[in-house]
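First comes the structure, then the notes that go with it.
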Amino acid sequence: MNAKITLTNTFGAYFVKTDRLPCGKNESRPFVFNLNLCDLHVCDNDTDGFAEFNLKAVENLIVGNTTNLKVQFYHQNGEEILGVLTSVTNLVVKEEIIKVRVTNLNTGHCEESTFKLIVNPLPIANSLQELMGFDPNNDGISEYFDTSNIESAVLGNQKNMTVSFFDSGGSQLPCPLPNPFTNTIKNQETLTVRVTNNLTSCYAETTLVLKTTSQPIIKNPCTKYTCDEGGGFGIFDLSDLTSEIIGNQSGLKIMYFDDKGNSLPSPLPNLFENTQSRSQTIKVRVENELNSLCSSETSFDLVVNDLPVVNINKVYSLCELEASVFISVDESLDSYTWQFQNTYIVSNSSKANLTSTGKYTLIVGKIQNDIYCENRFEFEVVRSVRPTIKEIKYQELSDNNFIEIIPSAEGNLEYSIDGINYQQSNYFSSVQEGIYIAYMRDKKGCGQDWKEVTIIDYPKFFTPNNDGFNDLWQIKSSAKYPNSKIAIFDRYGKLIAELSANNSGWDGSFNGSALPADDYWFKAKFNDKINFSGHFSLKR
């Protein structure tokens, strides 16, 4: 039959009430002994399934005040339990059935019953990580211990458990712990955390260590400077940055960000190139490695110095038989070095008198923001020969008159046909009729040459309306030929006017009367070789 079980606590062990079993031949005799026994429960403190039970308490429960009873206990294997009943170890792991026989020494009557020795496993108190609390004023006390996850961490997946807390003196603390929690022992405090099985009252314990962490003490780094290596970027020496920020402190984590909050390599490389041109602000966050809430922030700037600049030409010319060329640059810099084909020729002077042709280098330096930056300028000194014009090519009396100046030798030359406006090309197109001076000069000032050229042509129309523009018709190039003659005719061949070299031009009249707008013809004779004719329009 099934035993009815009732849980009670007697003599420090748990007893479960169970039905009695009569002894062999006396089964029919009435029950006269107290064999309404309970199972014994103890906690498995060493987790091996074995424990010590106090059977003496069971014996006392049976005997009571009676003196004529003999109580015997038997292991599950039938072996009688002899010796000290206060410390009996189960022979079957975790749970053993114990038989008890009670005999009345006066009558010989006996009764038998059974109960169990049950070894209950301990709950698991999972290990807990140290809790770190931010100590803003370094007094060893923190009000910032986050205890919100302690119970779930110590229990894991276990159910029907109770968690309780005790301070270092054994006094029980509120459960759950206040969150946030404030330590009472400076710098480090250890609490005991107990997990109790609600069904068996067995418990296990672990510790919770509370440590305070102080805010990192940091210094603001000074502004870092470097020289421009192109485009406003340069290499900064940050090898001492960590010690500059935190000194000899340890246990700190340093993180770097740009001014938009984007993460930068942490730590920054010893040789770091700025990622923003010319100047950049680097933000710094220093955290306590044990508690990221304990942090300090600062920033520093990276500044790229401009390189020193001087105004110097790429090419200088030594003209004809000149002995040297003199060069002078800005005098406000800190150092100057002139090199000719990698040989120092002048040092620490902003001026140089150069006598040899070839490639030169000027190295200039300036101290700015306590660092020295230098720049290099390469140039060349060339020997120039005074330019000469070999010939002038031109075309006249056409729709595209031109002048082309041909030099005797190639050089660094420029050209003009008015002495004012010079151009790179030696070809001038769409040239109007007239007398020109064709110029050719060396760009570096090594002299010039010129020749006169006359482009013979004539105006295709004129407007004699006294507005001051194009009021007279004349062939300008005729002025070069003193004996030139120009005859003008109407469409019927009638001679209207004659012009000489010193005549200002025809005003469009005949015998004092203005002639009508029409086409007119001319014949021009400048000399025996230059004779031509054509027609033009008079417009009113």
_Before you tell me yes or no, could you show the steps for Glu391 and Lys451 under salt bridge (Lys or Arg N to Asp or Glu O under 4.0 Å), namely the whole-Å CA-CA distance, both residues' side-chain angles and the distance that decides it to 0.1 Å?_
CA-CA 9 Å; Glu391 64 173 313; Lys451 284 186 178 182; over 6 Å; no
*CA sep, side-chain torsions, deciding dist, call: Thr184, Glu189, side chain to side chain donor-acceptor pair (under 3.5 Å)*: CA-CA 7 Å; Thr184 57; Glu189 182 173 358; 3.1 Å; yes
*asked:* The test is side-chain contact (heavy atoms from CB on, under 4.5 Å); show your working for Asn426 and Met440 and say whether it passes.
replied: CA-CA 8 Å; Asn426 65 337; Met440 180 179 69; over 6 Å; no
_Thr388 and Asp449: CA distance, side-chain angles, deciding distance, side chain to side chain donor-acceptor pair (under 3.5 Å) verdict_ = CA-CA 5 Å; Thr388 58; Asp449 194 11; 5.0 Å; no
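A 6.0 Å sphere centred on CG of Asn311 holds no more than 12 heavy atoms belonging to other residues, nucleotides or ligands. By the 6.0 Å contact criterion, CZ on Phe326 is enclosed, its count of non-hydrogen atoms from other residues, nucleotides or ligands being greater than 12. For Trp521, the CH2 atom is densely surrounded, since the number of other residues' heavy atoms within 6.0 Å is greater than 12. Taking a 6.0 Å sphere around CD1 of Ile437, one finds it holds more than 12 heavy atoms contributed by other residues, nucleotides or ligands. Within a 6.0 Å sphere centred on NZ of Lys253, heavy atoms belonging to other residues, nucleotides or ligands number 12 at most. Within a 6.0 Å radius of NZ in Lys460, other residues, nucleotides and ligands contribute more than 12 heavy atoms. With a 6.0 Å radius and a threshold of 12 heavy atoms from other residues, nucleotides or ligands, Glu143 has its CD atom at or below the threshold. No more than 12 heavy atoms of other residues, nucleotides or ligands lie within 6.0 Å of CG in Asn342, so this atom counts as exposed by the packing criterion.
Trp473 has its ring centre no less than 6.0 Å from the ring centre of Tyr520.
A distance-only check finds no donor-acceptor pair linking the side chain of Thr454 to the backbone of Ser477 [under 3.5 Å]. For the pair Asp442 (side chain) and Gly447 (backbone), a donor-acceptor distance under 3.5 Å is absent. Counting only distance, with no hydrogens or angles, the side chain of Asn274 and the backbone of Gln276 share a donor-acceptor pair below 3.5 Å. The closest donor-acceptor contact from the side chain of Thr298 to the backbone of Lys219 lies at 3.5 Å or more, if one exists at all. Checked by atom type and distance alone, the side chain of Asn401 never pairs as donor or acceptor with a backbone atom of Gln432 at under 3.5 Å. Between the side chain of Glu378 and the backbone N or O of Lys359 there is no donor-acceptor pair closer than 3.5 Å. The main-chain N or O of Thr212 is never found under 3.5 Å from a side-chain atom of Asp135 such that the two would form a donor-acceptor pair. Formation of a donor-acceptor pair under 3.5 Å by the Gln249 side chain with backbone atoms of Ile217 is found in this model. With hydrogens and angles ignored, the 3.5 Å screen pairs no side-chain donor or acceptor of Asp457 with any backbone N or O of Val431. Remark: side-chain polar atoms of Asp240 are not paired, donor with acceptor, to backbone N or O of Ser243 under 3.5 angstrom.
Identified under the ring-ring contact (aromatic ring centres under 6.0 Å, His included) test for residues 209-262, with sequence neighbours left out: none. Sorted by first and then second residue, the disulfide (SG to SG under 2.5 Å) pairs with a member in residues 219-323 read Cys227-Cys373, Cys319-Cys446; sequence neighbours excluded. Among pairs with a residue in residues 363-406, those fulfilling ring-ring contact (aromatic ring centres under 6.0 Å, His included) read Tyr316-Phe379, Tyr360-Phe379, Phe402-Tyr427, at least two apart in sequence or across chains. Applying the disulfide (SG to SG under 2.5 Å) test to residues at least two apart or on different chains, none of the pairs has a partner in residues 130-159. Counting only residues at least two apart or on different chains, the side chain to side chain donor-acceptor pair (under 3.5 Å) pairs with a member in residues 500-509 are Ser500-Asn502, Asp507-Ser509. Applying the salt bridge (Lys or Arg N to Asp or Glu O under 4.0 Å) definition to pairs two or more places apart or across chains, those involving residues 266-290 are Arg278-Asp306, Arg285-Glu287, Arg285-Glu297.
Minimum interatomic distance between Thr242 and Ile254 (heavy atoms only, all atoms of both residues): CG2-CD1, 3.8 Å. Residue Asp228 comes nearest to Gly230 through the heavy atom pair OD1-N, 2.7 Å, listed as atom of the first residue, atom of the second, then distance. Across all non-hydrogen atoms, the minimal contact from Glu396 to Ile456 is OE1-N, 2.6 Å. Residues Ser299 and Pro221 approach most closely at O-CD, 3.9 Å, considering heavy atoms. Residues Ser317 and Ser384 share a closest heavy-atom pair of OG-OG, 3.1 Å. In plain terms, the two heavy atoms of Ser296 and Pro216 that are nearest each other are OG-O, 2.6 Å.
Side-chain contact between Ile435 and Glu452 is present, with heavy atoms from C-beta onward closer than 4.5 Å. A heavy-atom distance below 4.5 Å is not found between the side chains of Asn126 and Thr206. Under the 4.5 Å side-chain criterion, counting only non-hydrogen atoms from C-beta, Leu131 is not in contact with Phe181. The side-chain heavy atoms of Ile245 and Leu252, taken from C-beta on, include no pair separated by under 4.5 Å. Side-chain contact check for Ile405 versus Ile392: some heavy-atom pair is nearer than 4.5 Å. Using a 4.5 Å cut-off on side-chain heavy atoms (C-beta onward), Phe272 and Leu241 make no contact. Lys480 has its side chain out of reach of Phe526: every pair of non-hydrogen atoms, C-beta onward, lies at least 4.5 Å apart. Taking 4.5 Å as the limit, every side-chain heavy atom of Leu538 sits out of range of all side-chain heavy atoms of Asp518.
To the nearest 0.5 Å, the span separating CD1 on Ile417 from CD1 on Ile403 amounts to 4.5 Å. Residue Asp330 holds its CG atom at 12.0 Å from CD1 of Ile312, rounded to the nearest 0.5 Å.
Considering only residues two or more places apart in sequence or on other chains, Phe300 meets the ring pair (Phe, Tyr, Trp, His ring centres under 6.0 Å) condition with none of them. Considering only residues two or more places apart in sequence or on other chains, Glu244 meets the salt bridge (charged side-chain N to carboxylate O under 4.0 Å, His left out) condition with Lys224. With sequence neighbours excluded, no residue forms a side-chain hydrogen bond (donor to acceptor under 3.5 Å, both in side chains) with Asn470. Residues passing the side-chain hydrogen bond (donor to acceptor under 3.5 Å, both in side chains) test with Thr281, sequence neighbours excluded: Asp301. Take Asn187 and apply the side-chain hydrogen bond (donor to acceptor under 3.5 Å, both in side chains) test, not counting sequence neighbours, and it matches no residue.
At a cut-off of 3.5 Å, with distance as the only test, no side-chain donor of Gln172 or Ser164 sits close to an acceptor on the other residue.
The residues Glu414 and Arg441 are annotated as salt-bridged, a charged nitrogen and a carboxylate oxygen being separated by less than 4.0 angstrom.
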Indicate every side-chain donor-acceptor pair of residues 529-537 with a distance under 3.5 Å to a residue at least two apart or in another chain.
residue	atom	partner	partner atom	Å
Asn531	ND2	Asn527	O	3.2
Asn531	ND2	Asp528	O	3.3
Ser537	OG	Asp519	OD1	2.7

